[in-house]
**Student:** 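Below: one structure in structure tokens.
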Amino acid sequence: MEPIMNNRSDGAETRNPAHGLNPLDIDALIDARHPDPFSMLGMHETDVGHIVRVFLPNASGVNVIDAASGEHIGSLARIHDAGLYAGFVDRPTAYRLDIDWHGTPQQTHDTYSFGPVLSDEWLARLSHADPYAVLECLGSRPITHGNVAARFAVWAPNAKRVSVVGDFNTWDGRRHPMRLRHNAGVWELFIPGIGAGTRYKYEIVTREGHTLPLKADPCAMQSEKPPSTASVVADGNAIDHYAWTDAEWMSTRGGKQTAQSPIAIYEAHAESWLRIPEEENRGMNWHELAERLIPYAKGMGFTHLEFMPIAEHPFGGSWGYQPLGQFAPSARFGTPEQFAEFVNRAHEAGLGVIIDWVPAHFPNDAHGLVEFDGTPLYEHADPREGYHQDWNTMIYNLGRNEVSAFLIASGLAWLKRYHVDGLRVDAVASMLYRDYSRKAGEWVPNVYGGRENLESIAFLKRLNHEVRQVPGAITIAEESTAWPGVTASVESGGLGFDFKWNMGWMHDTLHYMQEDPVYRQYHHHLYTFGMVYAYSERFVLPLSHDEVVHGKGSLINKMPGDRWQTFANLRAYLGFMWTHPGKKLLFMGGEFGQFAEFNHDESPHWHLLDDALHGGLQKLVRDLNALYVSEPALHKLDSDSRGFEWIVGDDNGNSVYAYRRTDAEGRDLVVVCNMTPVPREGYRIGLPRGGRWIEVLNSDASIYGGSNLGNGGVIYADAQVSHGRGESAALTLPPLATVVLRAE
């Protein structure tokens, strides 16, 4: 459209404010279809002067003022009824818009007056799938750009248009279309006047012109509290510059999380650990959890807390295992800064914090990652690879470098941004095998025709390599198969995890415990088999939430016998677990023998602690933790065959087990388990040395709810050969009990 010169009666000439726009440009701008709105909107130099164009639907008037002086430098005319304004200004300068919203004034910088947000260097790093570039660039955060604040960037390479929408623009996708940086497939925009706490989403138009349901930001650091689903501009400065006071913990935690360290993990579901019935049964926030959960876990002698996933997730009934906000602590518990405060306080108390982290799959909620830009961007296109039929979720396409970088960036964010000490990686088995839970014909072989998921293997190795760069941080694999080298180093061909959940030990020993003691003699091997492969990996022994849900019954309800025997069985079993090689994990409620299965809508049944048997079991767990931490023989050689020796492993007739734990430096313990309700008097055990032995723990002690049968606290080994040893002692073995002896 050529400029129109209008003659005025005074001889002066006016210029057409629509100069430089043709009708196609105008139609594209008002319909938010223009491929490059920055080429039209904002200030532009023309052959007849500098012109400013803005699109402000529902505005009734717009003036332009000098940003520095506040001087009026131009008035804009409405050149289309949809709200497109344009007009010439007196001079090119930094400017602000003075907008009249039908009587409500607003002064703001113009989004389209700013240049690109991301540098070419960062874009290049994004295009090369650098997870640190994801952390630095993607998502939203308040920034300083010309003394005003707020930046957005999102990866959507196949979209035709992406707009930021929110309360600030009445969720109108025409107002803030983003700039596409083609070489990285990233859309970016700087929006002035937006600060922390602003709700927003992305309006995405597909290449076919279809407008998708509004999408939450995959890299948002904060979200709305469910069931609301908007992303929230987090106070990045408050998070990135949180005043940590855990320097001592952070500098020493590496030595507290090794194969030689005592690691006793208390697993909790943050939302239901202690609900508040007086306030509609709500879960606690991070501050309240810090006040109650930290001293409880510390007082119980645990070394670490592990949370079921706390990344933002739309459905509480998934317990967090179907997350969408991989960078955002769930708003159910407060702000990101409050989560940082919780971790800081845990560290000050000497507790590590581990979180369950889910890189295997994600839910198909419309506001989430599924077909994010109108194409299968984060997931596989083929449902044989991209749909998890067990969980009705989508499987990440880890062969796509950008997806791999996105997830690794998430893991690093928890470790670096929030000082989390470890990631327990969920559902690793489902990632390693292409035929996981699939029948023949329902899966796609790898390039070599095999069932191994080569892309996931590469991802897990890369993840663990990157975590190694975070001093002292660890990873733990929930992996239920015999995949070799889960905890072997990446350099030696392994996956590189620090520890692996020992699911085989858990299944075998729980199966054994569920047998009536009269039949345990026929299943004796289930208690011993774990030692056949105990040193093939570095293990955590897990009695997790998975064992107390979906009709499996609680731990105490798995135990046979009358009420006294069920508790005695569980006490004996926990004594066996805490003295067996491997780090320890116990789910909340198990420490005091809750009868009910885990219910995420209820707290554990804390009132049961008024009962002597429940309270006694809790005391036993506390004392087991204290013994485990204080005795190097119980943890120092967990992953070294020198640290364990069977003394009695074949007495299936009596269902008795005895074994030695040692630190190979002079500290020796002998553990004896009697897994029947029959007391054994004068049961002779060969001992590694003569002299005095102290009975340091007896799960049948009266303070734990037992019958108080035992050895009076002290025994003496005599020079009588037994079990291939020159020294031995005749013991009283309490019924359904574990006894621990320490050499003096």
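Reckoned from all heavy atoms, side chains included, excluding hydrogens, waters and symmetry mates. Along the sequence shown, the residues carry numbers beginning at 1.
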**Student:** Sort out for me which residue in D640, D668, D638 forms a salt bridge (charged side-chain N to carboxylate O under 4.0 Å, His left out) with R661.
**Tutor:** D638
**Student:** Could you go through the side chain to side chain donor-acceptor pair (under 3.5 Å) check for E681 and T732 one step at a time?
**Tutor:** CA-CA 5 Å; E681 298 286 350; T732 296; 3.0 Å; yes
**Student:** Can you tell me how far the CG atom of L736 sits from the OG1 atom of T676, to the nearest 0.5 Å?
**Tutor:** 6.5 Å
**Student:** Please confirm whether F307 and W286 have ring centers closer than 6.0 angstrom.
**Tutor:** yes
**Student:** Within this structure, what is the CG-CD1 distance for the pair N464 and I474, rounded to the nearest 0.5 Å?
**Tutor:** 11.0 Å
**Student:** Are H580 and Y657 near enough that their ring centres are under 6.0 Å apart?
**Tutor:** no
**Student:** Determine whether more than 12 heavy atoms belonging to other residues, nucleotides or ligands lie under 6.0 Å from atom CZ of R689.
**Tutor:** yes
**Student:** Output side-chain donor-acceptor pairs under 3.5 Å for residues 476-484, partner residues at least two apart or in another chain, one line each.
**Tutor:**
| from | atom 1 | to | atom 2 | distance (Å) |
| --- | --- | --- | --- | --- |
| E478 | OE1 | A427 | N | 2.8 |
| E479 | OE1 | T481 | N | 3.3 |
| E479 | OE1 | T481 | OG1 | 3.4 |
| E479 | OE1 | K500 | NZ | 3.0 |
| E479 | OE2 | T481 | N | 3.1 |
| E479 | OE2 | T481 | OG1 | 2.4 |
| T481 | OG1 | Y433 | OH | 2.9 |
| T481 | OG1 | W483 | N | 3.2 |

**Student:** Has the side chain of N625 got a donor or acceptor atom that lies under 3.5 Å from a matching backbone atom of M300?
**Tutor:** yes
**Student:** Would Y321 and W391 count as a close aromatic pair, with their ring centres under 6.0 Å?
**Tutor:** no
**Student:** Tell me if the OH atom of Y535 is crowded by more than 12 foreign heavy atoms within 6.0 Å.
**Tutor:** yes
**Student:** Checking side chain to side chain contact (heavy atoms under 4.5 Å, CB included) against L289, which of W273, Y296, F339 comes through?
**Tutor:** W273
**Student:** Sequence neighbours left out, what passes salt bridge (Lys or Arg N to Asp or Glu O under 4.0 Å) with E278? Give chain and number order.
**Tutor:** none
**Student:** What's the shortest heavy-atom distance between V540 and K584, and which atoms?
**Tutor:** CG1-C, 4.4 Å
**Student:** Measure the CG-OG1 distance between L463 and T475 for me, rounded to the nearest 0.5 Å.
**Tutor:** 6.5 Å
**Student:** Mark yes when over 12 heavy atoms from residues, nucleotides or ligands other than E291 sit less than 6.0 Å from its CD; otherwise mark no.
**Tutor:** yes
**Student:** How are the rings of H614 and F567 set relative to one another: parallel (under 30°), tilted (30 to 60°) or perpendicular (over 60°)?
**Tutor:** perpendicular
**Student:** Between K552 and D546, what is the shortest heavy-atom contact and its length?
**Tutor:** NZ-O, 2.7 Å
**Student:** Between T579 and Y659, do the side chains contain a donor N or O and an acceptor N or O under 3.5 Å apart?
**Tutor:** yes
**Student:** Both conditions, 6.0 Å and 45 degrees, for the charged tip of R424 above the ring of W414: are they met here?
**Tutor:** no
**Student:** Looking at Y533 versus W505, is the centre-to-centre ring distance below 6.0 Å?
**Tutor:** no
**Student:** Assess whether salt bridge (Lys or Arg N to Asp or Glu O under 4.0 Å) is satisfied between K558 and E547, documenting all intermediate values.
**Tutor:** CA-CA 10 Å; K558 297 180 195 297; E547 312 322 312; 5.5 Å; no
**Student:** Could you tell me if D246 and H347 have a donor-acceptor pair between their side chains, going purely by distance under 3.5 Å?
**Tutor:** yes
**Student:** Which label fits F302 and W578: parallel for a plane angle under 30°, tilted from 30 to 60°, or perpendicular past 60°?
**Tutor:** perpendicular
